[in-house]
Amino acid sequence: KVLGVVVDLNLSWKQQVQKVRKTVLFKLSILRRIRRFLTKSSRILFYNYYVKPHLDYCCSVWGNCSKTNWNTIVKLQKQAARLVLDADRLTPSQEMFNCLNWPTFNQIVHQKQATLVFKSLNNLAPSYMSSMFQLKRNDGLRSTARNKLYLPRAHPKSLRYCGAKLWNSLPDSARCAQNIRQFKANYLKVKIS
């Protein structure tokens, strides 16, 4: 809790999602009251500085929450987009995200998880993280691709499992990046195309 993430006994992340929801709703209520005095670019700045950090913070860990909790966060992001664009309730969310050039919450979680795996494999993360993922040995067979990870016997929603599965789904161009900046650029190219 001191670090800003509420961990419960069952790792359901319900309390964390409720905390994020409460904070974001408060910030969105402020935006709702002042939006008529702000330009679109000012509203985007407000979102980026006061709302987005609460959705992003440690989402690589708690972003694999239950579908109900996940939907709560997605609704908040959609509500923020409607306020920024001054759009009505019938405007499709994908259209709003494209207009604002915002990734969906799912894309944010996946990007953060993939970045965390890259850092772990390249000794840019704490040692306990580096030991979480193991590369498969390349035995010279065609079926064995470079830089793929073993899928551990772990809970399917754990970072250890989800991170490895996500990493293996990335193309070689992203997995074989030389540094974090190159990895992020390659990852964004893969996800945009």
Side-chain angles (χ1 to χ4, degrees), residues 1 3-20 52-77 93-94 97 102-193:
K1 195 170 182 179
L3 296 175
V5 176
V6 182
V7 181
D8 59 6
L9 290 173
N10 300 323
L11 290 178
S12 68
W13 304 111
K14 185 175 182 177
Q15 292 175 351
Q16 170 65 19
V17 170
Q18 291 307 316
K19 177 184 163 230
V20 170
K52 189 172 183 268
H54 297 287
L55 300 176
D56 283 0
Y57 186 67
C58 288
C59 70
S60 57
V61 177
W62 63 265
N64 290 328
C65 55
S66 70
K67 191 72 172 170
T68 305
N69 291 328
W70 186 82
N71 283 336
T72 300
I73 299 297
V74 170
K75 285 178 186 175
L76 290 172
Q77 192 183 29
S93 56
Q94 193 58 48
F97 291 158
W102 287 359
T104 63
F105 181 66
N106 196 36
Q107 291 168 330
I108 292 169
V109 170
H110 285 169
Q111 181 181 7
K112 299 252 184 213
Q113 287 177 342
T115 303
L116 200 54
V117 173
F118 178 86
K119 287 180 178 181
S120 298
L121 294 174
N122 291 284
N123 297 322
L124 299 171
S127 58
Y128 69 89
M129 289 290 301
S130 298
S131 63
M132 191 181 293
F133 304 103
Q134 286 186 321
L135 286 170
K136 286 184 180 180
R137 289 187 188 168
N138 192 352
D139 56 6
L141 299 175
R142 270 195 215 165
S143 62
T144 308
R146 290 179 17 178
N147 289 340
K148 290 223 175 180
L149 299 174
Y150 284 108
L151 281 179
R153 290 180 188 236
H155 192 281
K157 290 194 177 254
S158 69
L159 177 63
R160 188 174 184 197
Y161 182 85
C162 289
K165 188 174 179 182
L166 175 65
W167 182 262
N168 290 343
S169 71
L170 296 175
D172 284 340
S173 63
R175 287 196 314 265
C176 296
Q178 300 299 312
N179 55 48
I180 191 73
R181 181 178 289 170
Q182 185 183 19
F183 172 76
K184 286 181 179 181
N186 289 348
Y187 182 85
L188 288 175
K189 283 180 195 171
V190 167
K191 294 303 167 185
I192 288 171
S193 59

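- Rounding to the nearest 0.5 Å places SG of Cys176 at 9.5 Å from CG of Asn186.
- In terms of heavy atoms, Phe118 sits closest to Ala177 at CE1-O, 3.6 Å.
- Residues Ile108 and Pro103 share a closest heavy-atom pair of CG1-CG, 3.7 Å.
- Nearest heavy atom pair, residue Val6 against residue Gln15, reads CG1-OE1, 3.2 Å.
- Judged by distance alone, the side chain of Gln111 and the main-chain N or O of Lys184 form no donor-acceptor pair under 3.5 Å.
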Q: Before giving the answer on side-chain contact (heavy atoms from CB on, under 4.5 Å), spell out for Trp70 and Asn106 the whole-Å C-alpha distance, their side-chain angles and the decisive distance to 0.1 Å.
A: CA-CA 9 Å; Trp70 186 82; Asn106 196 36; 3.7 Å; yes
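- Once rounded to the nearest 0.5 Å, the distance linking CD of Gln16 with SG of Cys59 reads 10.0 Å.
- Between Val61 and Trp13 the shortest side-chain heavy-atom distance falls below 4.5 Å.
- Side-chain contact between Thr104 and Val74 is absent, with no heavy atoms from C-beta onward closer than 4.5 Å.
- Interatomic distance, Lys14 NZ to Cys65 SG, rounded to the nearest 0.5 Å: 12.0 Å.
- The main-chain N or O of Phe105 is found under 3.5 Å from a side-chain atom of Gln77 such that the two form a donor-acceptor pair.
- Going from atom CG of Leu166 over to atom CG of Leu159 covers 10.0 Å, rounded to the nearest 0.5 Å.
- Leu170 CG to Leu149 CG: the interatomic distance, rounded to the nearest 0.5 Å, is 9.5 Å.
- Side-chain atoms of Met132 and Met129, non-hydrogen and from C-beta on, do get closer than 4.5 Å to each other.
- The two residues Leu151 and Lys165 make their nearest non-hydrogen contact at CD2-N, 3.5 Å.
- With rounding to the nearest 0.5 angstrom, the CG atom of Leu135 is 5.0 Å from the CG atom of Leu121.
- For the pair Ser130 (side chain) and Ser120 (backbone), a donor-acceptor distance under 3.5 Å is present.
- In this structure, Asn122 contributes its side chain and Leu124 its backbone to no donor-acceptor pair below 3.5 Å.
- Considering only heavy atoms from C-beta on, Ile73 comes within 4.5 Å of Leu55 through its side chain.
- Two residues are said to be in side-chain contact when any heavy atoms from C-beta on lie closer than 4.5 Å; Gln113 and Val117 fail this criterion.
- A donor-acceptor pair under 3.5 Å is absent between the side-chain atoms of Trp62 and the main chain of Val7, judged by distance alone.
- Below 30°, between 30° and 60°, or above 60°: for Phe183 and Trp167 the angle between ring planes is below 30°, a parallel geometry.
- Here the side chain of Asn168 pairs no donor or acceptor atom with the backbone of Lys148 at under 3.5 angstrom.
- For Tyr161 against Pro152, the heavy-atom pair with the smallest separation is CD1-O, 3.5 Å.
- Gln182 CD: more than 12 foreign heavy atoms inside a 6.0 Å radius.
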